[in-house]
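Basis for what follows: all heavy atoms, side chains included, without hydrogens, waters or symmetry-related copies. Everything quoted here is computed from the prediction, not taken from an experiment.
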Amino acid sequence: MSRSRVAWVVLPTALAMTLSACGGGGGSNNATDGKDNPEGTVSIYGTEPKSTLFPANTTEAGGGKVTDSLFSRLVGYKTEDGAPYNLMADSITTSDAKVYTIKLKQGWKFHDGTEVKAKNFVDAWNWAAYAPNAQQAASFFSPIAGFEDVHPSDENAKPAKDKMSGLELVGDYEFKVTLNGPTSVFTTMIGYTPFSPMADSFFADPKAAEAKPIGNGPLKFVSRTPNALIKMERFDDYKGEDKVHFKTLDYKIYSSQETAYQDLVAGKLDFMEALPPSAKVGEKYKADLGDAVVNANLLGQSAIAFPQYIPEFKNLKLRQAVSMAINREQITKTVLAGSYVPSTSFVSPGIKGYRPDTCGEYCKYNPEKAKQLFQESGFTGTKLTIQSNQDGGRKEPLEAACNSIKQALGVDCEFVGATNFGAFRQIVDGKQLTGMSRSDWSADYPSIENFLNPLYRTGGSSNDSNYDNPEVNALLKKADETANEEEAIKIYQQAEDIIAKDLPSMPTWNEKGIGGRSKNLLAAKMSFKRQGALESFRVKA
């Protein structure tokens with residue numbers, strides 16, 4: 001997929017981002033070999049979103065793929081490697097990596113026909129950060145000056161203000177952002193979904209916007225039938241270079257990935273970004289799909305979290321024993337049929353700053369040492385459990401992990417499944433877990449910061465383990481406020497080393513990007529986030 005080059009105006013050394021990841025799909029997935037139909041319909045595999053489709057409240061995959069197509073932001077990411085480029089921003093300038101002046105491209109509209117202006121970004125960011133609005137991704141605004149005033153660290157405290165001091169409206173198409181300190185990741189971070197603008201109508205009636213969200217992205221909302229369908233339609237006034245080339249998009253909600261795959265092969269579903277375990281055994285999917293297989297280099301991480309509010313998981317030796325009891329090599333080769341590889345670090349390969357084996361011996365299968373640590377832990381329970389959603393092909397590898405734990409430690413282990421991903425995330429976010437928890441992560445944007453702050457900083461939006469280490473918090477804050485990228489990465493790595501010693505979650509495996517399209521599509525690519533790159537889709541005429 002070609003994109004026009006857009007120059008960034010930033011500090012030359014501090015804010016450059018280079019990645020080793022590359023590639024979308026290969027072969028005929030990347031080029032149309034026949035006439036396409038711009039009025040056609042595309043159907044995509046979906047899982048039930050856990051909440052409203054507000055961009056700052058959607059941090060999970062089911063809702064994320066929907067909000068990413070509903071809303072556009074200042075910055076976009078290239079499909080192949082996640083490299084940032086100016087999307088709605090005309091320019092982003094800074095002299096110190098702390099104060100940024102942002103100018104918008106003019107003429108962009110919301111789906112209700114009103115123009116997108118600078119105040120729509122300022123108002124949306126303030127609303128999302130304001131603690132009483134309880135937005136899941138509020139913590140992503142913490143680098144902005146005045147965040148503590150609108151979102152106190154004490155969740156029982158009343159905010160001193162309802163607007164951040166670091167946001168200043170300069171004109172209709174220009175605003176200024178002042179951060180707490182210089183940072184190397186801000187211009188990459190603001191392409192993430194929570195940094196979307198919101199229409200004036202949203203602030204006038206958020207409840208109406210909950211029922212029918214008004215975005216500014218390439219697709220506009222039509223309807224939502226819970227647990228069945230989310231229907232979208234092309235927004236013909238969209239100005240972005242990532243516009244779509246079809247008319248209608250149906251997110252079909254499935255409780256079974258197997259059922260979705262059968263529909264894909266039968267031509268009743270057009271795109272899946274991940275295939276079920278049964279399709280991967282013996283590479284069956286290659287026979288089923290042929291040249292309709294879609295490949296991508298993903299920036300993501302699979303892990304199992306140890307919730308620290310469960311007393312038994314405060315025991316480090318127990319956490320170490322369980323991690324060493326999982327035969328990652330065998331599970332990725334058999335149950336996952338080589339579509340994943342064992343993970344040994346807390347950051348995804350392909351991310352600048354990734355180092356192999358930061359988890360050390362504790363991510364390597366060693367049943368003898370695991371049994372020793374387990375006995376030393378003094379665990380007195382009768383059973384361990386791993387909780388997850390049952391859909392999306394998640395059940396099988398976690399059942400295998402449980403079997404591996406049982407065999408190595410001699411303790412019963414059970415997979416406990418929620419009906420769907422939305423229901424599972426409500427349990428996790430409500431801190432209602434009773435055992436270990438699947439804690440997979442796909443990069444929101446290509447930065448080592450994105451693999452550490454949300455997951456391991458106290459109060460992070462996806463800190464499923466409820467991990468709290470002041471030393472890690474201090475290092476992450478220091479890295480966040482370091483303008484030179486190379487220096488910041490070294491500090492992030494120091495934080496990762498401490499996280500590895502504490503083992504609040506255990507890395508398990510990294511996914512190879514394998515998806516599929518139906519024969520109804522002439523072309524389709526998948527992004528580094530494991531989402532369909534909708535601008536690449538072409539419907540057969």
Side-chain angles (χ1 to χ4, degrees), residues 255-258 274-284 301-307 310 312-313 315-344 359 361-421 424 427-428 433-440 464-465 503-512:
S255 59
S256 166
Q257 198 179 38
E258 295 285 352
L275 306 181
S278 63
K280 296 171 182 174
V281 175
E283 297 187 323
K284 180 177 178 290
Q301 180 83 359
S302 292
I304 297 174
F306 298 102
I310 298 175
E312 62 199 33
F313 291 137
N315 189 315
L316 176 59
K317 287 188 176 181
L318 176 62
R319 301 197 300 271
Q320 293 170 340
V322 171
S323 185
M324 296 180 82
I326 296 177
N327 193 335
R328 293 162 175 78
E329 195 76 38
Q330 183 184 63
I331 293 171
T332 53
K333 284 182 178 178
T334 55
V335 179
L336 294 168
S339 61
Y340 286 71
V341 295
S343 176
T344 62
C359 186
E361 65 175 321
Y362 300 113
C363 282
K364 292 182 170 60
Y365 182 55
N366 187 336
E368 294 79 17
K369 181 70 177 291
K371 186 68 176 283
Q372 176 192 331
L373 287 168
F374 182 66
Q375 291 171 343
E376 291 175 1
S377 75
F379 179 74
T380 57
T382 58
K383 181 170 66 174
L384 292 168
T385 60
I386 301 178
Q387 293 178 251
S388 176
N389 49 308
Q390 296 190 77
D391 58 348
R394 304 304 178 186
K395 180 180 179 181
E396 295 84 355
L398 294 178
E399 284 184 330
C402 250
N403 287 334
S404 187
I405 291 168
K406 183 177 181 179
Q407 291 171 12
L409 303 184
V411 64
D412 192 21
C413 184
E414 180 186 355
F415 171 82
V416 179
T419 305
N420 57 49
F421 188 63
F424 170 61
I427 293 170
V428 176
L433 290 163
T434 56
M436 293 176 279
S437 165
R438 181 178 76 85
S439 185
D440 291 4
D464 296 351
S465 61
L503 208 66
S505 68
M506 48 181 169
T508 51
W509 30 77
N510 295 111
E511 184 179 6
K512 299 177 182 177

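The heavy-atom pair separating Ser437 from Phe424 by the smallest distance is OG-CZ, 3.4 Å. Looking at every heavy atom in both residues, Ala408 comes nearest to Lys371 through O-CD, 3.5 Å. Of all non-hydrogen atoms in Pro507 and Ala303, the two that sit nearest each other are CA-CB, 4.0 Å. Across Ser343 and Cys363, no two heavy atoms sit closer than the pair O-CB, 3.9 Å. The two atoms that bring Thr382 and Val411 nearest to each other are O-CG2, 3.9 Å, heavy atoms only. Across every non-hydrogen atom of Glu396 and Pro277, the tightest pair is OE1-CG, 3.7 Å.
The CD1 atom of Ile304 sits 12.0 Å away from the CG atom of Asp464 when rounded to the nearest 0.5 Å. With values rounded to the nearest 0.5 angstrom, Ser323 atom OG is found 10.0 Å from Glu361 atom CD. One finds the CG atom of Asn403 at 11.0 Å from the CD1 atom of Ile326 (value rounded to the nearest 0.5 Å). Note that the CG atom of Leu373 and the NZ atom of Lys317 stand 6.5 Å from one another [nearest 0.5 Å]. Atom-to-atom distance recorded for Ile386:CD1 and Thr508:OG1 is 9.0 Å, nearest 0.5 angstrom. We find the CD-CD distance between Gln372 and Gln320 to be 11.0 Å, quoted to the nearest 0.5 Å.
Residues passing the side chain to side chain contact (heavy atoms under 4.5 Å, CB included) test with Glu312, sequence neighbours excluded: Ile310, Leu318, Phe379, Leu384. Residues passing the salt bridge (Lys or Arg N to Asp or Glu O under 4.0 Å) test with Lys512: none are found, sequence neighbours excluded.
Residue Lys406 places its NZ atom among 12 or fewer non-hydrogen atoms of other residues, nucleotides or ligands, all under 6.0 Å distant.
A donor-acceptor contact shorter than 3.5 Å is absent between the side chain of Lys383 and the backbone of Glu414. Although no hydrogens or angles enter the test, the distance criterion places a donor-acceptor pair under 3.5 Å between the side chain of Ser404 and the main chain of Ala325. Side-chain N or O atoms of Gln387 include one that pairs as donor or acceptor with a backbone N or O of Gly435 at under 3.5 Å. Formation of a donor-acceptor pair under 3.5 Å by the Ser256 side chain with backbone atoms of Glu258 is found in this model.
Looking only at side-chain heavy atoms (C-beta outward), Met506 and Arg328 come within less than 4.5 Å of each other. Considering only heavy atoms from C-beta on, Phe415 stays 4.5 Å or farther from Arg394 through its side chain. Contact of the Leu409 side chain with the Val322 side chain is registered, since non-hydrogen atoms from C-beta on lie closer than 4.5 Å. Trp509 places a side-chain heavy atom less than 4.5 Å from the side chain of Pro397. At a threshold of 4.5 Å between non-hydrogen side-chain atoms, the residues Asn389 and Arg438 count as touching. Residues Arg319 and Ser377 have side chains not in contact (no heavy-atom distance under 4.5 Å, counting atoms from C-beta outward). Looking only at side-chain heavy atoms (C-beta outward), Thr332 and Val341 stay at 4.5 Å or farther from each other.
If you check the side chains of Gln301 and Asp440, you find no donor sitting under 3.5 Å from an acceptor.
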Original post:
Could you walk me through whether Ser302 and Glu511 pass the side chain to side chain donor-acceptor pair (under 3.5 Å) check?
Top reply: CA-CA 8 Å; Ser302 292; Glu511 184 179 6; 6.0 Å; no
**OP:** Evaluate the criterion side chain to side chain contact (heavy atoms under 4.5 Å, CB included) for residue pair Met436 and Phe313; output intermediate values, then yes/no.
**Re:** CA-CA 9 Å; Met436 293 176 279; Phe313 291 137; 3.5 Å; yes
